[in-house]
Structures are given as C-alpha cells and as structure tokens.
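Every chain is numbered from 1 and lettered A, B, ... according to where its sequence line falls, protein lines coming before strand lines. Because the structure is a prediction, the values reported are computed rather than measured. Heavy atoms only: backbone and side chains are in, while hydrogens, waters and symmetry mates are out.
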Amino acid sequence: MEDQIMDAASSSGRTENDTLFDAPPMAEQERMVEAVLFASAEPVTLRDLEGRMPPGCNPREALEHLRKRYEGRGVRVVRLGDAWAIRTAPDLGFLMQKETTELRKLSRAAIETLAIVAYHQPVTRAEIEEIRGVSVSRGTIDQLMEMDWIRLGRRRMTPGRPVTFVVTPDFLDHFGLESARDLPGLKELRAAGLLENRPPPGSLPLGQGGDEDDEAEEQAELFEE
Amino acid sequence: MEDQIMDAASSSGRTENDTLFDAPPMAEQERMVEAVLFASAEPVTLRDLEGRMPPGCNPREALEHLRKRYEGRGVRVVRLGDAWAIRTAPDLGFLMQKETTELRKLSRAAIETLAIVAYHQPVTRAEIEEIRGVSVSRGTIDQLMEMDWIRLGRRRMTPGRPVTFVVTPDFLDHFGLESARDLPGLKELRAAGLLENRPPPGSLPLGQGGDEDDEAEEQAELFEE
Amino acid sequence: MAEQTLFSEADTSVEERLAAEALIVDVDGFEGPLDLLLTLSRTQKVDLRKISVLELAKQYLAFVEKAKELRIELAADYLVMAAWLAFLKSRLLLPPDPEEEGPSGEELAAHLAFQLERLQAMRDAAARLMGRDRLGRDFFGRGEEESVARIKTVTYTANLLDLMQAYARIRTKEDFRPFVMDRDSVFTMEEALDRMRHLLGFTGDWTDLISYLPDGWHSDPVKRRSATAATFAASLQLVKEGKAELRQSETFAPIQLRSLDEDT
C-alpha cells in the first residue's frame, strides 16, 4: 500500500509540479510526521509541520496516512483543535496508572537515617541516633519501612534485645547496587571527590570506637552470600 | 502473521494452560506494550511491563512483534539492556531542532573515563588510572555518576576489595546501544588483547595489576546476555 | 642524538619545530607522562605495534632535558617516568646480564608499547562513542509523557549520590566542629595543685609522684595521661614556690616528691 502512495506522490511531482519534484516520497513524509508527533512536547499544527519538513511536502496527506495506519493500534493519531498528537488508545488507559506517581525528594532526616542503615546494618535505633547525633522520629523509620527500603533485621543479643534495621532488596534495586557491600567507604568517597571538606591533618580516624569487632562480625554474617 | 500467533497463543491457552486461558490475544498484548512504551519517556523494563499487563501476558514476545512492526518507520522500538523504549529514527534528527537538548560538555578526561568504564567494566578506579596514566581527577567520576551514565558495580574480590564501576541503562539509551556487547569495536579490541588488564613485568611506575581471572569472569558476565 | 629528533633545526621543518615548541610550552596540556609519550610516538609515524620504544625513550628524555633548560617545572610523575625510561634505555642498549633478576628490557618495552596502544585504543573508542547517534541530538524520546490521572501515589526518591553525601556529611561532622576539650578525661593543673597542697602536708618522706593521682584516674590510659601530666606540672609549681623538692634516681625511674615546708 505504501508503494502505491509513493508512486502517486512521485509521479504527480514529475508531471505536474516543480516544487513537488524534489519532495520525499509520501512514505518518507509519513515517517517524518510520525517522528515529529512522537518527539514533540506539544500537539503540532499543520503549519508547524510544513515549516519543519522539506519543501514540497504535504503534511496533511501524510497525517491522513499515519492516522489510518494507527487505526486499531495501541496509540492513535488524534486531532486537537488545529493541532495533531499521538495519544494512547482510550481502552488501554488502565495501563497508564504508573505514570501518575509523584516523585518527591526524601527528607534530610530520612536520607541520613537510610544512609546509616545502609552503611552500618544491622543497626539499632539507638545506634542510628548516636551516629546522627539527634533523635530519630518514629515517622522517619516508618516511612523508610513503608517504602520498603529498610526492614527489621535480627534482634541484637544485648540487654533489652533491641530490634535492628537492615536494607531491603528493593533498596539495592532502587540505588542500582549489587549489594550494600558495594557502597564506597569514606576514603573512597573522599577520593572520588564526594566529600567537600577535608578533615584537618592529624585528626582521629573516623571509625566509631567501642564494640566494632562485635558489629563487624554480625555484619560479616549479614553480608555473606 | 500476527493472526497466526494470536491463534497459537489462544489455542494453547484453551487446551493446555489455565493461567494462559485468560491472557489477551497476542495482538492485544502488542497493543498494550505499544501504548505503554509510547506513553513513557523513560525506557520501560520487562519486569515493569509484566507488572502492568494482565496476568499470563508475554511482553517479551509482544515486544518482538512490535519491534518488527516498526522497522523502517519514523520511530523505532529499541532495546536497552533489560528495558525497552520507542525512539525516533536517527536519520530524521534534522526535523527535531526544536527538541534538541544542549548536551552537557564533557571534559576529555570524563570522556576517556567513560569509554574505559564502558569497555573495561567492571573496572576499579586504580585500573582507570593505570590505563590513562594519570590519577582520575576529583569530580570526574562524580560527574559521570550524576549524569547517571556510570554506577557502582560489585566490589572486586582482591585485597582492599575496591569498588568497581559499570555503565547504566541510561548510558545505553543515550548512545543508542542495545547492550554493552554492542559497543563499537568491542570484538576487535578484545581480539587485539587491548581490554586485558595485563600485569606489568616486574614493577612499573604505572602498573597496578588486578586479579585477572576474577576480572575476566566478571567481564564475561557483564557482556553476556 | 636524541636532541636531533625533536629539536635540531637542521633537518626539521618550521612546522615541526613549532610543534615541538608547542609541546614544551604546553606541558600542562598533557594528561600525564603516558599522554606525552603517546604524542611523542606520533613523530615515528608507524603503527603503535611497531614503535621503537628505545627511540621514544630518547625523545622523552630529550623533552625532559629541554624542559629543564627552559626552567619549566615538571610534575613529579614526569620525572619518575624519565628515570624509569633512562633505566629502560640502558637495559635495551646493554647486553643482557645473565645474573640480573627481573624482566628483560624487551619485556618492559613491550609492556610500555602495550600501554600506549591500549590508551590510544581507548581514545579512539571514546571518539567513536561520542560520534554515535545520541539521544536528544540525533534521536529522540517521547516529547509528551502521558499522564492519565487515575491513582495518585506519592513516591519519595533519592539517588545514590544523595545517600553517599548524606553519610559523608554525618561521619565528617565531627571533624569540623569547633575545637572543644573533652572535659571528662582532663585533669587540670589547678585541680592537681589543689589536691597536692592538701596532701603534701601529710608526706614528709619521699613519695612517688604517681601516688598523688586522684582515685579513678589510674586505669583509663587517657585519664591517667592527663592526671600524670597535671600532677607533674603541679609538682614543678610547688618546687618553684619552694614548698617541695623533686628527685629521680635515673632516666625513667619513678619521680619522687617530698615536702620542704617545715611548718606543716
């Protein structure tokens, strides 16, 4: 069918009209209209199409072909006032639900808490508070759990048997990590220029003192494959 | 042709498989995939498609049909790793001056670093430095990560367990690559031994050999399907 | 001889001399010694696989010499490379010593050639990559994302950089707080002086200075160090005031103190 249109366009060009002589075949014009409608952020007017396409093109005809081609497909060529656009077929609207999610930046408290869980897991709430230097609100933890980025780990075998938090596979997925072990350490962050400031020379090492051995052991367990 | 497939899908559903029984015909699945891909500016993963389509659908097969259907058209169905997207045909770029986005100017160091990550992935910072013969400046890695063209890979199982870098689906999308295997000249470079991390004989001022076996394996994994 | 290849005016054209000068003046424009070597290797006009590493070493050393003459400061890694190339050159020129350990000159030269070829290959690859049809320039994504407002869910998001920077911020906060002495483990000289003035009266005999440390300051090394220093400083003050005398039998022996105050 395209061949027929192409022939018609080029033969009419050859015989009747000098400006049409150099115009691309209709199939090519249809491709152009298709690409422009797809990539444009707004519906495109005929005049706009004419302005963009090579001289001698007939966007109206190309649009008609394109509209026919998309009949019954998952998307349609629709006319909106004097402009044209490609739109999802109305019966498939149910597939578009995901497009309506609103993205919001995570709060500073949440991202800091998340970072501490990622780097120190399994970590208790008290430990998170000690590292951040401020208390962690219930809501922050709840939010991160609801997002399925952190979950409860094993209880710590210390008095009170506090619950611990670890990151989830969803977290790894979202941040494009193979495992939490792949997070760069402070030295690596600094080397990569991710730390704006440098510590004064001779400052103490950054590691938390205390029961590091204990923790390291537990971490090793957690990170084993 | 689609009709045949449709029949095959629905008849097998009727006779063999209860979960397939309710799956829409393949032509309908193709419409769905078409609608979802058209509606989204970002590549859509196979997993995402599966999640959005009715149970029993086979988006991979639908995608193959759709890809064939759009061959030679103004827009194309392209594969980017595990994700799929619709993109305009490159030969029609001249129509899109309005849509052209100012590409961020990258330094020579950043471009070289990007190429090294793409061809040598997973690659450590030390290896990048060995290949370029200079240290990677502050901010180069940072910039490439911010652009979402490289991300952290698995840590290398060598002393110090250094972090590695790999390229992202966004990188593939930007450069129109179906997968890292399709990097231009990859085969030739590999055949010429230029992607090896050849340990220097004795000690060299520039050398820092890696664990080659480990790395070769990891690379193979990455460049495989 | 090496000078000739780069800097002799007799057999080089004006263009080549200009290029050579540009090399020198623009040494900052090189991304390290390997980049410089790669540029120099182009004067050989051969396949990188057939390059003469010996010739290249000579050119590099001549370059470094010239830079010295012109009093251009070369970064340390250029000088390290120069030293290494001088070593390589001697290895390549001298007959191999059967006694000598380590890789041969040829092996070292081959590896350098490999490094140059690999760097060039990566540069070519980078150029090909950047020359590809690119999203947003040659081909385009959907201009108008469709939004069918059905379910409105709020998704919170953050990227890896946010996460890593947040962590770095927390963990380095400590480094940048204003300097404050940790009062918990510091025993001041004033405190020590108070304590010793009080205790000195009861000890007419020579007494080990350590016995003046307050209770609870012995075991923790940080506290012990602070208390010892304060007590020692306080004892010096007492000696200065003529209220006590100090003695030590030999280096590192215990320091002993006794009261001089006859009245108390």
Side-chain angles (χ1 to χ4, degrees), chain A residues 2 27-42 44 48-49 51-54 57 62 66 69-70 72-76 86-99 173 175-179 181-185 187-196 223, chain B residues 27-41 44 47-49 51-54 66 69-70 72-76 86-89 91-99 122 125 135-143 145 148 151-155 161-166 168-169:
Chain A
E2 288 93 43
E28 195 57 24
Q29 294 188 33
E30 196 190 318
R31 286 182 77 228
M32 292 178 186
V33 171
E34 186 177 35
V36 171
L37 291 197
F38 172 79
S40 176
E42 281 161 23
V44 185
D48 193 6
L49 279 171
R52 287 194 194 203
M53 289 164 73
C57 281
L66 195 66
R69 185 188 289 276
Y70 277 100
R73 306 289 319 156
V75 293
R76 309 181 308 168
I86 296 179
R87 290 276 188 269
T88 311
D91 65 313
L92 298 176
F94 71 97
L95 291 168
M96 302 304 136
Q97 292 174 352
K98 221 180 163 174
E99 247 62 43
D173 202 33
F175 289 92
L177 292 165
E178 306 255 359
S179 87
R181 280 174 306 184
D182 295 328
L183 282 168
K187 244 191 232 154
E188 289 165 317
L189 290 175
R190 185 168 288 129
L194 291 170
L195 276 179
E196 285 312 314
F223 285 133
Chain B
E28 196 56 23
Q29 293 188 32
E30 197 191 315
R31 284 185 77 229
M32 292 179 185
V33 170
E34 186 177 33
V36 172
L37 291 196
F38 257 96
S40 170
V44 183
R47 211 179 120 191
D48 194 7
L49 279 170
R52 289 161 75 168
M53 288 163 74
L66 194 68
R69 183 184 293 275
Y70 277 92
R73 300 276 300 277
V75 296
R76 309 184 304 172
I86 293 179
R87 299 286 178 249
T88 64
D91 66 307
L92 300 176
F94 70 95
L95 294 168
M96 312 296 165
Q97 271 135 353
K98 261 180 137 177
E99 278 73 35
R125 189 187 170 91
S135 58
V136 175
S137 84
R138 241 175 103 96
T140 300
I141 298 251
D142 188 355
Q143 186 188 18
M145 286 186 79
D148 212 4
R151 65 172 179 85
L152 294 170
R154 262 185 284 178
R155 277 183 192 273
R161 315 207 336 136
V163 296
T164 65
F165 298 96
V166 296
T168 62

What distance do [X] atom [atom1] and [Y] atom [atom2] have between them, rounded to the nearest 0.5 Å?
{"X": "A:D182", "Y": "B:R154", "atom1": "CG", "atom2": "CZ", "answer": "8.0 Å"}
{"X": "B:T88", "Y": "A:L37", "atom1": "OG1", "atom2": "CG", "answer": "12.5 Å"}
{"X": "A:L92", "Y": "B:E28", "atom1": "CG", "atom2": "CD", "answer": "6.0 Å"}

Write down the atom of [X], the atom of [Y], and the distance for their closest heavy-atom approach.
{"X": "A:M32", "Y": "B:F94", "value": "CE-CZ, 4.0 Å"}
{"X": "A:L183", "Y": "B:L152", "value": "CA-CD1, 4.4 Å"}
{"X": "A:A39", "Y": "B:M96", "value": "CB-SD, 3.9 Å"}
{"X": "B:E34", "Y": "A:V75", "value": "OE1-N, 4.1 Å"}
{"X": "B:A89", "Y": "A:R31", "value": "CB-NH2, 3.3 Å"}

For A:A62, the side chain to side chain contact (heavy atoms under 4.5 Å, CB included) test, sequence neighbours excluded, returns A:M26, A:Q29, A:V33

query: Any idea which of A:P54, A:A35, A:S40 has the most non-hydrogen atom pairs under 4.5 angstrom with chain B?
result: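 Answer, by heavy-atom pair count under 4.5 Å with chain B: A:A35.
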
message = Ring of A:Y70, cation from B:R73 - is the NZ or CZ under 6.0 Å from the centre and inside 45° of the axis?
response = yes

Taken in chain and number order and not counting sequence neighbours, the residues that satisfy ring-ring contact (aromatic ring centres under 6.0 Å, His included) with A:F175 are A:W149, A:F171

Max heavy-atom pairs within cutoff under 4.5 Å with chain A, candidates B:L66, B:T168, B:L49, B:D91, goes to B:D91

